[in-house]
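Written below as structure tokens is the structure these notes are about.
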Amino acid sequence: MRRVTARLKALRQLIADEGLTIAILTAVASVTVIAFGFRAEADIVVSMLIIGVVTALAETRLRSGK
């Protein structure tokens with residue numbers, strides 16, 4: 001039970017971090033430009049959004065030192 005609580009607390013701290021929020025919003029904004037500006041297909045837009053979110057999570061985790 002303590003492990004689950006500790007993981008949930010770590011996840012809450014990760015989500016509450018401003019750096020993660022800014023990185024995800026940047027990823028969403030760039031994907032929006034690709035989607036509407038270049039009229040990209042849905043599978044390209046979704047894959048770019050997933051890559052952006054994963055990169056934002058990785059960057060935040062590396063910066064926090066975990």
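As a basis for the values below, the full set of heavy atoms in this structure was taken, side chains included, without hydrogen atoms, waters or symmetry mates.
Residue pairs meeting the salt bridge (charged side-chain N to carboxylate O under 4.0 Å, His left out) criterion with at least one partner in residues 23-49, sequence neighbours excluded, do not occur; the list is empty.
Residues passing the side chain to side chain contact (heavy atoms under 4.5 Å, CB included) test with Thr32 are Val28, Phe36, sequence neighbours excluded.
Here CE of Met48 is found 9.0 Å from OG1 of Thr55. Values are rounded to the nearest 0.5 Å.
Of all non-hydrogen atoms in Gly52 and Ala27, the two that sit nearest each other are CA-CB, 3.8 Å. When every heavy atom of Val45 is checked against every heavy atom of Val31, the shortest pair comes out as CG1-CG1, 3.3 Å.
Connection of Val53 to Ile44 is established within a shared hydrophobic cluster, with ILVMFWY side chains joined at heavy-atom distances below 4.5 Å, either directly or through further cluster members.
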